[in-house]
Amino acid sequence: MRTDRCGDLRVDDVGRDVTLCGWVDRRREHGEHLAFVDLRDRSGVVQLVVDGAQDLRSEYVLQVSGTVRERPADTANDSLATGAVEIDTAEVTVLSVAEPPPFPLDDRTDVDEVLRLRHRYVDLRRPRLQRNLEVRARVTSAVRGAMEEQGFVEVETPMLIASTPEGARDFVVPSRKEPGSFYALPQSPQIFKQLCMVGGVDRYYQIARCLRDEDLRADRQFEFMQLDAEASFVSQDDVLSFISHAVSAAAEAVTGEGLGEIPRMSWQEAQERFGSDKPDIRFGMELVELTEAFTDTEFRAFQASCVKGIRVPGGADVSRNRLDDLTEQCKRWGAKGLVWMRVTDDGLDSPVAKFLTDDEKAALAMTLEAEVGDLLLLVADERRTVRHVLGLLRLELGRPPVTEGGLHFLWVVDFPLFEGLDEAGNPIPAHHPFTMPHEEDLETLERGDLLDVRSQAYDLVLNGWELGSGSVRIHRGDVQERIFSILGIGSEEAHAKFGFLLDAFRYGAPPHAGFAFGMDRLTAILAGEENIREVIAYPKTQSGADPLTSAPTPIDDRHLDELGLRVLPPVE
RNA sequence: GGUCCUGUGGUGCAGUUUGGAGUGCACGCCGGCCUGUCAAGCCGGAGGUCGCGGGUUCAAAUCCCGUCAGGACCGCCA
């Protein structure tokens, strides 16, 4: 139906007879027999010169034939790629008429997102989303290419699987053939990829759709895409290298520039310096250790196992109101309170200054490298709480939008094997229960100092977003049973939950390790978007609804009967 | 489960603090004029359940309560 795309035409094409198809982007009338129409397709827009008598309105779909000609002197438009030429239109066919669009299609106004989603087919015509879908396709293709170059084989795993009680909430699908039984949709292909390793697929990857029924966020949707990979006979360093290569290829495909070596930081260091396991290293305001300065303090609030602070450069002019708000916020995050100090020419201006000795004030000012005009914020509590609260406070006060300041990738390594103890005193695994403990910490594990045991687990972080995580897996039955027993999972329970995996391991399991990272998150940041919905063609709202199709919807009784289901009345 | 913010012609906003006639701005839409515009210009016009329900008041877009929808975040996401 067409010979060219609108946005491709240049001076070189002058004199050619072309046929174009697209939408009316904009129309400018000049009397009865002259009108300019910008015709838009995926590639961009080009100006048509048409007879003003033709009724061509916004978003009409046209097929036009005409000759490419150079624009008259002084009428070229430098801000348009096709601005040096125009189409002397000989024939216009209206392929479809259109009602006026429900919102402007230019990228200048921020339209209500529900409206955009309800008419997503219109929204997708906008340059922003056209570009984002292209970026997404390029990222996917680059990642695929990088994995194949490294000898990985793409394997598809099932969407209807058995529910396991671990991890996130499953989406479930009722079984018709076995009423009362349910499939689960995969949270990740984790078990299947490990089975692939036992199956001799020594380098597996998949760009896999994963589903988790947990609350949505700017960086979370119910369903999302992961680059999922696993390899046999490899070390942690090998996996980091594979994945670094893949994200570098993705970055290069979008920005034209690959990544250098991605820096590494231990989980412990990330927590101490940034109060987070996904530190945003684009800005300072690091957490500073102050516990030593207050070991003998008379000030009750600082008689805690840990005191840390952050320095907000030039923050002394933050209002009292704002400080009160921040204090409230810190309490909601779990702290007992927040101590603030303004650094002035006359020393520290703070409601607690009178409770501190001169030595203490001097020590904290020195340790924090405080300068006149700064604001100091201190939290005292258990170490875990201090890190958490100050980490969030740091982000609240200093964090730039996720898309700013370039791409700051970071490997966070040496995660703890257990993140704490539950009410029954059993350790809570920080990753999944198949994560291999750190070789050097096997002794610590046997000694029972569980919380000191590191694991061979690692995360990839980009500008403060967790892109993904992975680990070296346990492939030895004896180590796995030991971990299960430490976790308080009896062998009967272990077999009920993971029997097929344990069975598989009895038939010759190679040492293996893997990783998975979120394609949507990577794409969003590479596309300069702060929200993954902008790089997903048909996303859901924060409440999990789809304004376009109205999903989720009730199903009729006949359908329920067939599945052996009955819906309870809503709970008051 | 929680905290905070938002909801006003088709779209984006202002108006809400301090109650007084659906008031205003920009874009879009419809009609007219216009032969070199490109976010065209000029003239005219249409278009409203101020998210919804209740309350206070002589009077509510505005104050109060509830509710719905949306967004950001905390919890949650092995």
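Owing to the predicted nature of the structure, the values given are computational and were not obtained by experimental measurement. Chain letters run A, B, ... following the sequence lines, proteins first, then strands; residues in each count from 1. These numbers come from the heavy atoms of this one structure, side chains and all, not from hydrogens, waters or symmetry mates.
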Quiz item: Are the side chain of A/Arg27 and the backbone of A/Arg57 linked by a donor-acceptor contact shorter than 3.5 Å?
Solution: no
Exercise. Output yes if the stacking criterion (under 5.5 Å between centres, under 30° between planes) is met for A/Phe36 over the base of B/U37, else no.
Key: yes
Quiz item: Could a donor-acceptor pair under 3.5 angstrom be found where the side chain of A/Glu86 meets the base of B/G36?
Solution: yes
Quiz prompt | Under 3.5 Å on both distances, the Watson-Crick or G-U partner of B/A46 | solution = none
Quiz item: Under 3.5 Å, is there a donor-acceptor pair between the side chain of A/Arg521 and the main chain of A/Arg220?
Solution: no
Practice problem: Name the nucleic acid region contacted by A/His388, choosing base, sugar-phosphate or nothing; use a 4.0 angstrom heavy-atom cut-off, strictly under. | Solution: sugar-phosphate
Exercise. By nearest nucleotide on RNA chain B, pick out whichever of A/Phe434 and A/Pro100 is the more 5' one.
Key: A/Pro100
Quiz item: Under 3.5 Å, is there an N or O donor on one side and an acceptor on the other linking the side chain of A/Asp215 and the base of B/G75?
Solution: yes
Quiz item: Say you pick atom P in B/A39 and the same atom in B/G28; how far apart are they, in whole Å?
Solution: 12 Å
Quiz item: Expressed as a whole number of Å, how far does the P atom of B/U6 sit from that of B/U18?
Solution: 16 Å
Quiz item: Got a donor-acceptor contact below 3.5 angstrom from the A/Arg71 side chain to the A/Gly83 backbone?
Solution: yes
Quiz item: When all nucleic acid strands are considered with a 4.0 Å heavy-atom cut-off, which category describes A/Arg399: base, sugar-phosphate, or nothing?
Solution: nothing
Self-check item: Short side-chain N/O contact to B/G70 OP1/OP2 from A/Arg533, under 4.0 Å
Solution: no
Quiz item: Taking only N and O in the side chain of A/Arg71, is any of them less than 4.0 Å away from OP1 or OP2 of B/C38?
Solution: no
Practice problem: May I ask which nucleotide in the shown strands pairs with B/A40, Watson-Crick or G-U wobble, both distances under 3.5 Å? | Solution: none
Quiz item: Taking a pair as Watson-Crick or G-U wobble with both distances under 3.5 Å, which nucleotide is matched to B/G66?
Solution: B/C52
Quiz prompt | base_contact_polar (B/G1 base, A/Arg332 side chain, donor-acceptor, <3.5 Å) | solution = no
Quiz item: Mind checking who B/A72 pairs with, Watson-Crick or G-U wobble, both distances under 3.5 Å?
Solution: B/U3
Quiz prompt | Same-atom distance (P) from B/A69 to B/G53, integer angstrom | solution = 16 Å
Quiz item: Considering only the C1' atoms, how many Å lie between B/G75 and B/U56, rounded to the nearest integer?
Solution: 38 Å
Quiz item: Does the ring centre of A/His30 sit less than 6.0 Å away from the ring centre of A/Phe36?
Solution: yes
Quiz item: Would a distance-only check, ignoring hydrogens and angles, find a side-chain to backbone donor-acceptor pair under 3.5 Å from A/Asp520 to A/Met225?
Solution: yes
Self-check item: Output field: ring centroids A/Phe222/A/Phe171 closer than 6.0 Å
Solution: yes
Practice problem: For A/Leu115, answer base if it contacts any base atom (sugar-phosphate contacts may also be present), sugar-phosphate if it contacts only those atoms, and nothing otherwise; contact means non-hydrogen atoms under 4.0 Å. | Solution: sugar-phosphate
Practice problem: Could you measure between the two C1' atoms, the one in B/C34 and the one in B/G70, and give it in whole Å? | Solution: 44 Å
Quiz item: Can you tell me how far C1' in B/U57 sits from the matching atom in B/G19, rounded to whole Å?
Solution: 9 Å
Quiz item: For B/C34, which nucleotide in any strand shown is its Watson-Crick or wobble partner with both distances under 3.5 Å?
Solution: none
Self-check item: Nucleotide opposite B/C25 in a Watson-Crick or G-U pair, distances under 3.5 Å
Solution: B/G12
Practice problem: Assign each of A/Lys540 and A/Pro104 to its nearest nucleotide of RNA chain B by heavy atoms, then name whichever residue's nucleotide is nearer the 5' end. | Solution: A/Pro104
Quiz item: B/G20 pairs with which nucleotide, Watson-Crick or G-U wobble, both distances below 3.5 Å?
Solution: B/C58
Self-check item: Span that lies between the P atom of B/C65 and that of B/A78, in whole angstrom
Solution: 38 Å
